[in-house]
Amino acid sequence: MISGSLNKGRRERELEELASGARVDLVVIGGGVTGTGIALDAASRGLSVALVEAHDLAFGTSRWSSKLVHGGLRYLAKGDVALAHESAVERNILMTRTAPHLTRTAPQLFPLHAETSRPQQALITAGLHAGDLLRRAAGTPSRVLPRPRSIPAAEAMALAPGLRRSGLRGALLSFDGALVDDARLVVTLARTAAAFGARILTRLSALEITGDRVRARDELTGGELDIFARKVVNATGVWAGQLAPSVRLRPSRGSHLVLAPGSVQIGRSSVMVGVPGEHNRFILLLPQPDGRVYLGITDEPTDGPIPDTPEVPQSDVDFLLSVASTALSVRLTESDVIGAYAGLRPLIETDGARTADLSRKHAVLTSPDGVITIVGGKLTTYRRMAADAVDTAITEAGLHCGPSRTHRLPLLGAARRSQLSTVDASPRLVTKYGTEAPRVAAAGEVDPAMAAPLYDGGEVTAAEVLWGVRHEGALDASDILHRRTRLGLVPADADAAGPRIAELVERALVGIA
């Protein structure tokens, strides 16, 4: 493999190669989890790949997820056993083989209050045990995801002291997977693809596409070029219809709130709260290592033009705070909210169905002009989606290569969990960078100022900013704030860190050839 580092210098060299007429096997449009997954799948099979992204890696939906690696419980409830099994298999691959460093075990509490009916409790219990059967069928060991069980009220309160005590008769405890950071998964996929030779080109907009050509504009210079390929794959998610008008999508908005540390006393366990009047729909309170809590998620249809960055409407804020408060000892208010974000799911259109009821299955479609478009799906199954898209491209373009190998291909920084615990770096860095954490921290060993936090009360260091520019493809301060560190999730943090980050990025870019 070649270097997995992405930076301004590499971008300029590879862009010049394509502008000079170099032809690739595959052009992938879209730098989210599916697009970067496709780039890795194809490059690891030996195909030449160019990925084109108008903004930055993980700029769109892929950074606005619930940060969960789902086992498919929701799909079981809807009777879709095949999709639930696929989700459980892909969760196992992520957590045990390809990205143990970017995933963690997430305990989940389903509190049982007096208003929870016995039939509803039985239904949730049956679903959790069915999900555990899928966990075992997928090969995920119980040391990674323990078996579900019922617990008494006292134990539930010990795990989550902020639960409403009145009427609490116990809880159901289960375990699922969670990502440390969804944007970091995307960046790591892109870097791993680059290590196999893929050209990862951000700030490059696709203007016109056919089955074998992309007309693109360099958003840094304004120059245009044609990129020629054996096949073009549209992996732009909710924006897919803008490049392939025949694709019919029904976007669904998923909103999340970021709650201040101390506002919700739930320890390390996420809390699942049933939506009143719904049998199989929950919102979740997902605690983060820094003490903050993510509260989500809504599922609302969205009409009209697709914005680059969706906004969270007041109705979603009110809904999430209201439902979450039903399970807590204190009522959440807007004063507890320090940030908010929303993403749009690229659901496949089905006449007459609510977005909450639309399938999360994916589809690989080919337009009359030969463009392959992949839509639907969800973050957990990105790898399977990518493999299916590459298989289709291979067949239609007559390419010659072997089968997908990403089910056993560790991403950069990956190692067994037992090995990760011995990496000589802070646990916080190891959960973000895996075995590369000592390389990230090295700048701070040479210059102590690089090991210092960017601002008082923060944790992110200057060394992480330099790493983002030199190795993770960040081209400006916004890339660092919003997709390499996620400081942008909380406006106050972004304001505090912004000036220092801008200074560091400017200095780092000058030193890259």
Side-chain angles (χ1 to χ4, degrees), residues 65-77 81 83-112 116 121-163 170-182 185 264-274 280-289 293-297 327 378-381 416-418 420-421 427 431:
S65 78
S66 293
K67 315 298 184 285
L68 292 180
V69 183
H70 285 292
L73 180 62
R74 181 175 182 178
Y75 317 119
L76 273 181
V81 177
L83 184 58
H85 179 260
E86 177 182 281
S87 190
V89 168
E90 294 302 321
R91 178 183 63 182
N92 176 66
I93 291 171
L94 262 172
M95 297 190 73
T96 66
R97 295 183 221 165
T98 62
H101 58 315
L102 300 178
T103 57
R104 60 186 176 89
T105 302
Q108 294 184 334
L109 276 178
F110 293 77
L112 303 173
T116 307
Q121 177 179 342
L123 183 64
I124 298 172
T125 302
L128 294 179
H129 285 285
D132 190 57
L133 288 176
L134 289 178
R135 186 268 305 171
R136 282 183 273 178
T140 308
S142 58
R143 67 177 180 276
V144 175
L145 293 176
R147 297 174 181 176
R149 59 189 176 90
S150 299
I151 60 175
E155 186 174 351
M157 292 299 300
L159 291 173
L163 288 177
L172 301 174
L173 176 62
S174 67
F175 299 84
D176 211 340
L179 289 168
V180 173
D181 180 352
D182 46 7
L185 172 64
V264 183
Q265 301 294 329
I266 56 173
R268 299 177 61 183
S269 298
S270 59
V271 174
M272 311 294 289
V273 185
N280 297 309
R281 186 180 170 198
F282 296 84
I283 65 153
L284 76 154
L285 290 150
L286 182 65
Q288 300 302 299
V293 174
Y294 295 155
L295 168 58
I297 183 172
K378 50 196 170 61
L379 185 146
T380 304
T381 59
R416 294 181 180 177
R417 295 181 186 278
S418 58
L420 290 172
S421 65
T431 60

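Heavy atoms only, all atoms of each residue included: Pro111 and Ala327 are closest at CG-CB, 4.3 Å. Taking each heavy atom of Arg417 and Arg104 in turn, the nearest pair found is NH1-CA, 4.4 Å. The two residues Thr105 and Phe175 make their nearest non-hydrogen contact at CG2-CD2, 3.9 Å. Counting all heavy atoms, side chain and backbone alike, Thr381 lies closest to Glu86 at CG2-OE2, 3.6 Å. The two residues Ala138 and Ala88 have their closest heavy-atom pair at CB-O, 3.6 Å. Nearest heavy atoms, Leu102 versus Thr431: CD2-O, 4.1 Å.
A heavy-atom distance below 4.5 Å is not found between the side chains of Val180 and His101. Under the 4.5 Å side-chain criterion, counting only non-hydrogen atoms from C-beta, Arg268 is not in contact with Pro107. The side-chain heavy atoms of Ile124 and Phe282, taken from C-beta on, include a pair separated by under 4.5 Å. Annotation: side chain of Leu68 is not in contact with side chain of Asp176 (no heavy-atom distance under 4.5 Å). Counting only heavy atoms from C-beta outward, the side chains of Val264 and Leu295 never approach each other to under 4.5 Å.
With Ile266 as reference, Val293 is the one residue of Val293, Leu159, Leu109, Leu286 to meet the side chain to side chain contact (heavy atoms under 4.5 Å, CB included) rule.
More than 12 heavy-atom neighbours from other residues, nucleotides or ligands sit within 6.0 angstrom of CZ on Arg136.
One distance of note links CZ of Arg149 with CG of Asp132; it measures 12.5 Å at 0.5 Å rounding. Remark: Leu172 CG to Thr125 OG1 distance equals 4.0 Å, nearest 0.5 Å. Within the model, atoms CG of Leu128 and CG of Leu133 stand 11.5 Å from one another, a figure rounded to the nearest 0.5 Å. If you take OG on Ser87 and CG on Asn92, they are separated by 11.5 Å, rounding to the nearest 0.5 Å. Taken from OG in Ser174 to CE in Met272, the straight-line distance is 7.5 Å, to the nearest 0.5 Å. Rounded to the nearest 0.5 Å, atoms CG (Leu285) and OG (Ser270) are 8.5 Å apart.
Looking only at distances, a side-chain donor or acceptor of Arg135 sits under 3.5 Å from a matching main-chain atom of Thr140. Side-chain atoms of Thr380 come within 3.5 Å of backbone atoms of His70 as a donor-acceptor pair (strictly under, hydrogens ignored).
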